[in-house]
Amino acid sequence: MADESFPEIREAVRRLCARFPVAYWRELDRERTYPTEFVKALTEAGFLSVLIPEAYGGSGLGLRAAVAVLEEIHRAGANGAACHAQMYTMGTVLRHGSEAQKAAYLPKIASGELRLQAFGVTEPDAGTDTTRITTFARRKGDMYVVNGRKIWISRAEHSDLMVLLCRTSPRDEAAKPSDGMSVLLVDLREAVGRGLTIRPVRTMLNHATTELFFEDLEVPAANLIGEEGKGFRYILDGMNAERILIAAECLGDARFFIDRASRYARERVVFGRPIGENQGVQFPLARAYVQATSASLMIDAAASLFEAGQPCGAEANMAKLVASEASWFAADMCLQTHGGFGFAEEYDIERKFRETRLYQVAPISTNLILSHVATHVLGQPKSF
Ligand SMILES: Cc1cc2nc3c(=O)[nH]c(=O)nc-3n(C[C@H](O)[C@H](O)[C@H](O)COP(=O)(O)OP(=O)(O)OC[C@H]3O[C@@H](n4cnc5c(N)ncnc54)[C@H](O)[C@@H]3O)c2cc1C
């Protein structure tokens, strides 16, 4: 089975997570604080650098190993969203950065000396239509001057660097709407207070997400990744890894809910028998397991294609869709199985329920995945 891959890594992640029990996450959730100690432990254990090649100080184990790490974190009741982007955001630098940029940043990201876990794409007035972003970087000598606004930029307060997508030519002057966007690597340590303001956005889950305001922020032109105007393509090709890894987190959540519900259904006695003896309780549990197992196979297939350097856009999207639906079905099933106790904070189900709901909206919503499959795989006419 796909969930038995990398047994040593899985066991090591389980041991690490056991040091950060659900009570730790419950407290952070209540206070909306960042899991600094957990992220530090994961970094020190090398789990966040599995995608960085050995030549740059990572372990270069590949995407299936990263899947195992994030799945186990989530199965333990923890939340990898605090730091999952440290694993894959560097991919933009790795694939499109100059040799000098790679040498300067990747070894420090691998060691954890530098945190690159902020990824600035979404804007309030553009939504999923990324070509409509208006945050603009104007070239001035050896600097870019950035003005604009971003929303939902997670972990910006807990990151040293940010991969920022902005326009370098207006949409209506570009040959195609997706041309004229560029990627800048922003040093947040220098930027905050000198043209960049970060404002936290409180949400239904503990996610350290923020709103960013750029007012004449100067970014050295040397921090441009790849060629000016080609940034959209660079961002797109990092998204497959992100979708597969988010799917792994959903799968871990689904397994958490199935583990919890199975145990509770065996132990909770009502009407003189365990509730699990009723098929009305058993069948949703079994269905959740079937869905999680299918998602696991889809994730493994997508990750294998990614590792082989094959096109995997459709598979990455489908893995994310089935896994986020499996985790949401499992969440609902687990809450229902627990009856009233599912709503009690101390059971951690309501927290995980809130956390896993996010993944049908971010990083890409279910509708947009269906649209991709309909038009790119099934040859249907585009609706937008
Ligand atoms: C907690 C959180 C963290 C996030 N972190 C980041 C981050 O770190 N960096 C970043 O850049 N972004 C981040 N995001 C943004 C996230 O990627 C977007 O919220 C997501 O892609 C959806 O975009 P939107 O919110 O603009 O929805 P919209 O694009 O406004 O869409 C709203 C709804 O309409 C539907 N819809 C829109 N157009 C169509 C269509 N043509 N056909 C059918 N349905 C359609 C969508 O499916 C969606 O359900 C985060 C969001 C959240 C909530």
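Order of listing sets the numbers, starting from 1, for every ligand and every atom in it. Values below: every heavy atom of this structure, side chains too, minus hydrogens, waters and symmetry copies.
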Fill in the blank from the handout: Min over A81, A362, A208, P124 of heavy-atom distance to atom 16 (C) of ligand 1 lands on A362
Problem - Worked check of side-chain contact (heavy atoms from CB on, under 4.5 Å) between V121 and T130 - result: CA-CA 7 Å; V121 175; T130 305; 3.8 Å; yes
Problem - Pairwise side-chain contact, L164 with V183, heavy-atom cut-off 4.5 Å (strictly under) - result: no
Completion exercise
If you scan protein heavy atoms around atom 38 (N) of ligand 1, the nearest is L368 CD2, 4.1 Å
Exercise for the section: Compute whether any side-chain donor of one residue and acceptor of the other, for E249 and H84, lie under 3.5 angstrom apart. Expected result: yes
Exercise for the section: Give the residue and atom name of whichever protein heavy atom lies nearest to atom 22 (C) of ligand 1, and the separation in Å to one decimal. Expected result: V361 O, 3.8 Å
Problem - Side chain, backbone, both or neither: W152 near ligand 1, heavy atoms under 4.0 Å - result: both
Practice task
Please write out which residues are connected to V270 in a hydrophobic cluster, directly or through intermediates, given that two of Ile, Leu, Val, Met, Phe, Trp, Tyr count as joined at side-chain heavy-atom separations below 4.5 angstrom.
Solution key: F256, F257, Y264, F271, I275, V281, W328, L335, F341, F343, Y347, I349, F353
Practice task
Tell me who clusters with V145, hydrophobic residues only, linked when side chains sit under 4.5 Å apart either directly or through other members.
Solution key: none
Practice task
Just need the protein heavy atom nearest to atom 8 (O) of ligand 1, so name the residue and atom and give the distance.
Solution key: S154 N, 3.0 Å
Handout entry: Side chain, backbone, both or neither: L358 near ligand 1, heavy atoms under 4.0 Å
Key = side chain
Handout entry: N-O pairing of D125 and R132 below 4.0 Å
Key = no
Handout entry: Nearest neighbour of atom 11 (O) of ligand 1 from the list T122, T89, I235, on a heavy-atom basis
Key = T122
Problem - S365, portion touching ligand 1 at heavy-atom distance under 4.0 Å - result: side chain
Practice task
Specify the protein heavy atom at minimum distance from atom 44 (N) of ligand 1: its residue, its atom name, and the distance to 0.1 Å.
Solution key: N367 ND2, 3.0 Å
Completion exercise
Closest to atom 28 (P) of ligand 1 among protein heavy atoms sits T128 OG1, 3.6 Å
